[in-house]
Amino acid sequence: MLTLRFIPYNEIHALSSYDRIKKIVDLAKEDQIILIEGKLKKTEEVELIKRTMEEISDKFKGIEIAEVNPQENKDVQFFQKVKDEVINFLLGDRIGFTVIGPATIVKEIKQDPNKIQLLTKDKKK
Amino acid sequence: MGLYGPPNGGKTTLANRICEDWLGETMGSVSRIAHETREIQIKEQIVVKSGNKELMFNLVDTPGIATKIDFEDFMKSGMKKEEAKKRAKEATKGVISSIKWLDEMDAVVVVLDSTKDPYSQVNITIVGNLAARNIPVLIAANKVDLKKSNIEGVKEAFPQYDVIGISAKYGNQLEDFYAALFKLLD
């Protein structure tokens with residue numbers, strides 16, 4: 001059974017960066033798929049990758065992550081993302097949402113402007 | 001100057017090409033198996049020449065940045081379990097090193113496999129962090145010798161950066177790449 005955990009903006013942004021990342025990694029380690037309202041700061045994303053690497057084990061293989069901004073098409077979304085990097089560096093962003101799934105469950109996250117596809121792994125017999 | 005990107009994009013192949021062209025020696029080993037480079041590698045005082053101009057820099061080849069590492073993937077490449085686990089552990093440390101070294105860079109060439117989707121979150125995170133740190137970036141769309149190569153796709157994904165299509169393996173369009181390096185590091 002897949003568990004999808006929604007975290008509203010107010011809940012995630014009330015935490016410090018350290019606690020925010022810890023919470024995400026802890027939930028991923030519990031095999032939960034996390035849907036966060038808004039986006040992480042870019043510095044938090046690399047911190048999330050770093051923390052994920054520190055936690056990798058035989059059981060926890062890492063994460064799949066994708067940011068989605070449904071209001072924009074793919075090209076504009078990416079262009080806008082990089083354009084807004086510096087502005088968002090300190091402020092973060094509550095537009096769109098972020099999907100994070102444990103790599104043991106989520107094989108790949110495909111995104112397009114109108115939908116997001118989580119390709120899951122077959123359960124081993 | 002750092003070479004950054006996801007695993008198997010061709011960072012070390014490009015590093016070897018640069019070092020062979022200007023130092024007459026290679027930098028590191030390459031492999032079809034991901035995470036071949038698991039430690040930061042540095043070559044100092046590389047001098048690139050173009051006409052009367054010279055460019056000197058230290059080249060830093062970094063382990064590929066990934067969000068997941070599964071030792072079982074290495075076993076699929078024929079490694080034994082213990083060897084695969086060791087490689088996975090080293091690979092995780094390599095990713096951490098790459099991230100720690102971001103702050104040391106004066107300029108970065110992001111090396112991407114042009115046969116793959118450029119819109120991956122790892123690519124977005126790497127480029128986003130370089131932008132946030134005001135580090136100049138050049139995108140090398142590698143593997144243009146392959147049929148599936150899509151340089152236009154990479155250009156569309158990174159419209160605000162110079163994107164140079166290259167084949168680090170065969171040395172295609174390296175002149176354009178070196179010209180772009182002068183522009184990047186000047």
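FYI, side chains are in, hydrogens and waters are out, and symmetry mates aren't considered; it's all heavy atoms of this structure. Sequence lines set the chain letters: A, B, ... in the order given, protein chains first and strands last, and positions in each chain run from 1.
In terms of heavy-atom pairs under 4.5 angstrom with chain B, the leader among A:Lys50, A:Arg51, A:Glu64 is A:Lys50. Between chain B and the options A:Ile49, A:Thr52, A:Ile56, A:Ile63, heavy-atom pairs under 4.5 Å are most frequent for A:Ile63.
Here the side chain of B:Gln121 pairs a donor or acceptor atom with the backbone of A:Glu67 at under 3.5 angstrom.
Partners of B:Tyr178 under the ring pair (Phe, Tyr, Trp, His ring centres under 6.0 Å) rule, at least two apart in sequence or in another chain, are B:Trp22. Applying the side-chain contact (heavy atoms from CB on, under 4.5 Å) rule to B:Glu20 yields the partners B:Asn16, B:Thr26; only residues at least two apart in sequence or on another chain are considered.
For B:Ile99, the part sitting under 4.5 Å from any heavy atom of chain A is the side chain, from C-beta outward, and nothing else. For chain B, the nearby parts of A:Glu54 are the backbone and the side chain; heavy atoms of each come within less than 4.5 Å.
B:Leu138 and B:Val163 fall into different hydrophobic clusters, where Ile, Leu, Val, Met, Phe, Trp and Tyr are joined by side-chain heavy atoms under 4.5 Å apart, directly or via other members.
Residue-level contacts of residues 50-71 of chain B with chain A, in order of numbering, are B:Ile65, B:Ala66, B:Thr67, B:Lys68, B:Ile69, B:Asp70, B:Phe71; threshold 4.5 Å between heavy atoms. Identified by a heavy-atom distance below 4.5 Å to chain A, the contributing residues of residues 83-92 of chain B are B:Lys85, B:Thr92, in residue-number order.
Taking both residues in full, the closest heavy atoms of A:Glu45 and B:Thr125 are given as OE1-OG1, 2.5 Å, listed atom of the first, atom of the second, then distance.
Side-chain atoms of A:Lys61 and B:Glu72, non-hydrogen and from C-beta on, do get closer than 4.5 Å to each other.
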